Amino acid sequence: MGRELILGIESSCDETAAAVVEGGVEVHSNVVFSQAAEHAQFGGVVPEVAGRSHLEAILPAIDQALADAGVGLGDLAGIAVTARPGLIGSLLVGLSAAKALCWSTGLPLVDVDHIEAHVYAATMEEPDAVHFPCLALVVSGGHTALYEVRSPLEMTRIATTLDDAAGEAFDKVAWLLGLEYPGGPSVARLALEGRRDAIAFPRYFPKRKPGAEQRAIGFSFSGLKTSVLYHLRGGDALQPTPPPDQILDRADVAASFEEAVVDTLVTQTLRAAEQRGVGQVLVAGGVACNRRLREVMHARGAERSVRAFFPSPAYCTDNAVMIAGLGWRRLEAGLVAGLDVDASPRSLDR
Ligand code: KG4
Ligand code: ZN
C-alpha cells in the first residue's frame, strides 16, 4: 500500500467518526458511532452529553477504522481532523486525539473545516465529472448556505439563512408532529403518505434590493416553521398546540412542509447558478439525503442545463470519510497544521 492513506477523525456534533481513505477518494474504512439515541429524548443535541459521549467513543472509533482498513498508524501519511465549525466541547475531543496521535508518531496533522468537507463529499464519487468553479449548497442541521467553489480548497460563502437551518426546521416540525429524532428522515417518510399541495405553506424569497441588477439570494425557515405551528393550532395562534395523536392531517403537513423547503432550496440554488453562469451544483449535508430534494433538484436543474451532484446518503450525514478525503487534498497542497491549532465554533472568514 502506498503512503497516500489518511486517517480522518470527525466529532463536531453528535457523531463520533473515523475513516481511512486513500488518495482522497478510495474508502478503506468508515466508522460512525451515532449518539442520536442519547439525544432523542431531548429532541435535539445536548452539547454536554455530546462531549462526554465523544470521549468514550473516540478511541474505539479510531481503533476500529484502522482495523477495518487493515492498517496501522505506521502506514499513514497523515491524520486529518475536523477543527471547525461545531460544538466546541465536541470538536476538542477529536482534535485532542488527533494531536496526541500526531505528536507521538510524528505524522503531519491536517485541520479540516467541516463545511468544506461536506462539499468535498459531493465530488468524491465522480471526481472527474466535477468542474470548477461551481456552486455548493450545504444543507445540514446547523447550516444552510450557498458557496462559490473555486477548488476543493477554496470556497466563498455567497448566501446563508437569516435564521434556522433547513435540517433544524425538519427536526422542529418532526417534534410538533410527534415524530422521532432526527426529524428529517421521519418527516420524509411520513410525507410519502401525504399531499404536497394540501397546505400552501409560505416560501421565503428575498426581494430585489433597490438599484440592484439581480434578485438577492438567501434563506429563512423560521416563518415556515411558525406557519406549520399555527396551522396545527387551527389557524389561531392563541390556541394550544394539539398533541400529535390529535393532528388529523399529519401526513399532509409533512408533505406540504417538505415541499416548501425543497422548493425554496432548489429555486434559489438554480437562481444563483444562473446569475453566475455556472452549470454544476454540489449538494451536501444531512438534508441532501432527502429524496424529494434530489428529485426536484435533478429535474429542475436539467431544464436549465444545471447538473447536480449529491453524495451517497452515507456521505451526506456526518462522517469521517469526507474529512480524510479533503484532508488528503490539503496535505498534498502542503496545508499542514501546527500542534497548537485551535478548535473553533465557526468557520474561518472567507
Ligand atoms: O450534516 P448532518 O449529519 O449534521 C450537521 O452537520 O448538522 O445533518 C443532520 C441534519 C438533521 O437536521 C436531519 O434531520 C437532517 O440532516 N436530515 C434530513 C434527512 N436525513 C437527515 N433532512 C431531510 N430529509 C432527510 N432524509
Ligand atoms: Zn455536518
Side-chain angles (χ1 to χ4, degrees), residues 8-17 19 30 32-36 39-40 42-45 47 50 54 81-87 90-91 94 112-122 136-145 147 160-161 164-177 179-192 196 219 221 224-225 254-255 257-266 282-297 310-323 325-326 345-347:
I9 299 173
E10 154 66 36
S11 70
S12 66
C13 189
D14 62 342
E15 261 93 30
T16 320
N30 176 22
V32 182
F33 293 153
S34 174
Q35 305 172 2
H39 300 288
F42 306 107
V45 177
H54 283 304
V81 60
T82 309
R84 70 195 87 79
L87 301 169
S90 293
L91 286 166
V112 171
D113 181 295
H114 182 85
I115 301 298
E116 291 180 7
H118 269 304
V119 171
Y120 181 75
L137 170 68
V138 177
V139 261
S140 71
H143 298 87
T144 296
Y147 297 84
T160 186
T161 174
D164 292 356
E168 194 180 342
F170 268 98
D171 293 335
K172 286 179 179 158
V173 167
W175 178 261
L176 289 173
L177 295 178
L179 302 172
E180 72 182 29
Y181 173 85
S186 325
V187 171
R189 223 173 296 123
L190 184 61
L192 293 174
R196 298 186 193 111
F219 304 101
F221 296 102
L224 170 61
K225 192 180 66 187
F257 161 76
E258 183 182 55
E259 197 65 6
V261 175
V262 167
D263 186 20
T264 315
L265 293 174
V266 173
L282 310 171
V283 188
V287 183
C289 286
N290 187 274
R291 297 234 312 256
R292 183 68 185 153
L293 175 61
R294 288 171 179 249
E295 194 176 285
V296 177
M297 188 72 87
F310 289 77
S312 298
Y315 303 139
C316 287
T317 47
D318 288 349
N319 66 87
V321 165
M322 65 186 192
I323 306 301
L326 181 56
R346 280 180 295 279
S347 284

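Note that the numbering runs from 1 along the sequence shown for the chain. In listed order, ligands and their atoms are each counted from 1. Quick caveat, the model's predicted, so the values are computed rather than measured.
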Any N or O of Asn290 closer than 3.5 Å to N or O of ligand 1: yes
Ligand 1 to Gly286 polar contact by distance, N or O atoms, under 3.5 Å: yes
For ligand 1, which atoms, with element, lie under 4.0 Å from some heavy atom of [X]?
{"X": "Thr317", "answer": "3 (O)"}
{"X": "Cys289", "answer": "20 (N), 26 (N)"}
{"X": "Gly142", "answer": "7 (O)"}
{"X": "His114", "answer": "6 (O)"}
{"X": "Asp318", "answer": "1 (O), 2 (P), 3 (O), 4 (O), 5 (C), 6 (O)"}

Region of His143 engaging ligand 1 - heavy atom pairs below 4.0 Å: neither
Scan the side chains in residues 181-191 for donor-acceptor partners under 3.5 Å anywhere in the protein, sequence neighbours excluded, and list what turns up.
unit_1: Ser186; atom_1: OG; unit_2: Glu180; atom_2: O; d: 2.6
unit_1: Ser186; atom_1: OG; unit_2: Pro182; atom_2: O; d: 3.2

Under 2.8 Å from the Zn ion (ligand 2), the protein N, O or S atoms, given as residue and atom: His114 NE2, His118 NE2, Asp318 OD1
Check if [X] has a non-hydrogen atom at a distance under 4.0 Å from any atom of ligand 1.
{"X": "Cys13", "answer": "no"}
{"X": "His118", "answer": "yes"}
{"X": "Arg291", "answer": "no"}

Selection from Ala288, Ser12, Ser186, Gly184 by shortest heavy-atom distance to atom 23 (C) of ligand 1: Gly184
With Ser12 via side chain to side chain donor-acceptor pair (under 3.5 Å) - residues at least two apart: Glu10, His114
Test side-chain contact (heavy atoms from CB on, under 4.5 Å) applied to Ala314 - qualifying residues, sequence neighbours left out: none
